[in-house]
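Report on the following structure.
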Amino acid sequence: MNPLRGKYAPGDVPPNRRLYVLEGVSGIGKSTLTGLLAERLGATTLHTLPEPLTAWSAQVNTTLRPLPQLGFYLSGLLHASDLVRDALNHGHVIADRYVSSVMACHAAVHGIDLDQVVSLLGPFEPYLVAPARTFYLRASETTLRERLGTKRDLKKDDTDLFAVPGRLKALLANFDAVAARDPSAIVLETDGRTPEQLATLIDDILEEPDA
């Protein structure tokens with residue numbers, strides 16, 4: 001029996017409205033691209049983890065063990081999905097991070113097998129609004145270092161990318177693994193492309209049938 005019924009059941013998603021997601025490691029340009037796409041599509045933007053949970057994340061990351069941490073980020077996903085449903089009543093939604101980031105980042109930070117994280121989130125998948133397209137942004141280490149060097153509001157996730165041994169390699173491997181099993185995935189190499197060029201490329205993809 002599906003436990004997600006009654007008051008636990010997800011709300012309806014309006015027809016002809018789409019959730020599009022941008023995924024990738026910190027500093028790769030998701031936020032800038034989210035803004036550009038939102039302007040072009042007249043879409044609402046969303047960042048996962050949404051408020052009010054964003055303000056609590058630093059303390060959660062330093063005080064909670066891995067499983068309670070995952071529960072916290074799961075609650076953020078469920079809340080984000082509710083916000084997406086509400087926003088879809090007014091148009092398309094562009095999300096800066098979503099389910100894939102929670103799985104890839106949690107597994108990399110704690111050295112946990114990705115399949116174990118995926119299995120723990122599995123029962124809640126029916127609640128989450130499914131993206132029409134998820135764009136996985138990739139870049140070389142050189143490009144990432146350059147982009148982080150120009151970023152003004154560096155966060156711990158940004159600095160840990162290179163400061164923690166093996167962190168970048170684990171994140172890239174996890175995002176590749178998640179993308180490989182994601183039916184909505186489109187992998188985009190960002191080296192040598194400006195945000196405006198990437199926005200145009202994505203815009204062209206979204207104009208294709210079934211996008």
Side-chain angles (χ1 to χ4, degrees), residues 20-38 40 45-50 54 57-58 60-62 66 69-70 73 76-77 80 94-118 121 131 133-206:
Y20 303 116
V21 177
L22 299 178
E23 292 283 13
V25 300
S26 295
I28 204 165
K30 297 183 298 298
S31 298
T32 300
L33 195 49
T34 295
L36 289 173
L37 289 171
R40 293 180 178 222
T45 63
L46 174 80
H47 184 274
T48 304
L49 206 62
T54 304
S57 61
V60 165
N61 291 341
T62 56
Q69 276 190 39
L70 183 60
Y73 284 97
L77 280 178
I94 312 291
D96 177 349
R97 296 190 182 276
Y98 195 49
V99 182
S100 298
S101 274
V102 170
M103 295 188 297
C105 295
H106 183 82
V109 167
H110 296 288
I112 297 171
D113 183 82
L114 182 62
D115 287 339
Q116 185 176 5
V117 179
V118 172
L121 294 183
R133 291 286 187 273
T134 301
F135 295 94
Y136 291 84
L137 307 181
R138 289 185 53 86
S140 66
E141 181 175 336
T142 299
T143 297
L144 285 172
R145 287 186 182 275
E146 290 175 351
R147 291 175 183 172
L148 284 174
T150 62
K151 191 173 180 180
R152 295 180 180 179
D153 56 339
L154 285 177
K155 299 179 176 63
K156 189 174 186 299
D157 286 349
D158 300 323
T159 56
D160 282 354
L161 198 62
F162 296 108
V164 177
R167 178 62 54 82
L168 178 59
K169 181 179 179 180
L171 281 169
L172 293 177
N174 286 350
F175 274 117
D176 285 348
V178 172
R181 68 179 79 185
D182 182 352
S184 74
I186 296 177
V187 178
L188 294 179
E189 298 293 341
T190 67
D191 281 15
R193 287 170 168 162
T194 66
E196 290 76 13
Q197 288 172 332
L198 286 166
T200 298
L201 176 60
I202 291 174
D203 210 7
D204 290 343
I205 292 171
L206 296 183

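These values consider heavy atoms only, across backbone and side chains, with no hydrogens, waters or symmetry-generated copies.
Closest of all the heavy-atom pairs between S26 and D157 is OG-CB, 3.5 Å. Considering all non-hydrogen atoms of both residues, P66 and H110 come closest at CG-ND1, 3.5 Å. Of all non-hydrogen atoms in L37 and A199, the two that sit nearest each other are CD2-O, 3.8 Å. Closest non-hydrogen pair, G76 versus L49, comes out as CA-CD1, 3.5 Å. Listed here is the closest heavy atom pair of A107 and V117: CB-CG2, 4.0 Å.
Side-chain contact check for R167 versus V109: some heavy-atom pair is nearer than 4.5 Å. Contact check for L144 versus L168: side-chain heavy atoms found under the 4.5 Å cut-off. Side chains of Y73 and N61 form a contact here, defined as non-hydrogen atoms less than 4.5 Å apart. Between E141 and F162 there is a side-chain heavy-atom pair separated by less than 4.5 Å. Side chains of V21 and S100 form no contact here, defined as non-hydrogen atoms less than 4.5 Å apart. Under the 4.5 Å side-chain criterion, counting only non-hydrogen atoms from C-beta, N174 is not in contact with M103. For the pair R147/T190, a side-chain contact is recorded, criterion being any heavy-atom separation below 4.5 Å from C-beta on.
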Determine, step by step, whether F135 and L206 satisfy the side chain to side chain contact (heavy atoms under 4.5 Å, CB included) criterion, reporting the C-alpha distance in whole Å, the side-chain angles of both residues, the deciding distance to 0.1 Å, and the verdict. CA-CA 11 Å; F135 295 94; L206 296 183; 3.8 Å; yes
Any chance you could lay out the side chain to side chain contact (heavy atoms under 4.5 Å, CB included) test for I202 and L33, step after step, and finish with the verdict? CA-CA 10 Å; I202 291 174; L33 195 49; 3.7 Å; yes
Using side chain to side chain contact (heavy atoms under 4.5 Å, CB included), reason through L121 and L70 one step at a time and then give a plain yes or no. CA-CA 9 Å; L121 294 183; L70 183 60; 4.2 Å; yes
Take D176 and V187 through the test side chain to side chain contact (heavy atoms under 4.5 Å, CB included) and record every step on the way to the result. CA-CA 9 Å; D176 285 348; V187 178; 5.8 Å; no
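Without hydrogens or angle criteria, Q116 side chain to D113 main chain gives no donor-acceptor distance under 3.5 Å. A donor-acceptor pair under 3.5 Å is absent between the side-chain atoms of D96 and the main chain of H47, judged by distance alone. The backbone N or O of R97 lies less than 3.5 Å from no partner atom in the side chain of K30, so there is not a single donor-acceptor pair.
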Enumerate donor-acceptor pairs with a distance under 3.5 Å from any side-chain N or O in residues 177-184 to protein atoms, sequence neighbours excluded.
| from | atom 1 | to | atom 2 | distance (Å) |
| --- | --- | --- | --- | --- |
| R181 | NH1 | D115 | OD1 | 3.4 |
| R181 | NH2 | D115 | OD1 | 2.8 |
| D182 | OD1 | S184 | N | 2.8 |
| D182 | OD1 | S184 | OG | 2.8 |
| D182 | OD2 | Y136 | OH | 2.7 |
| D182 | OD2 | S184 | OG | 3.3 |
| S184 | OG | T134 | OG1 | 2.8 |

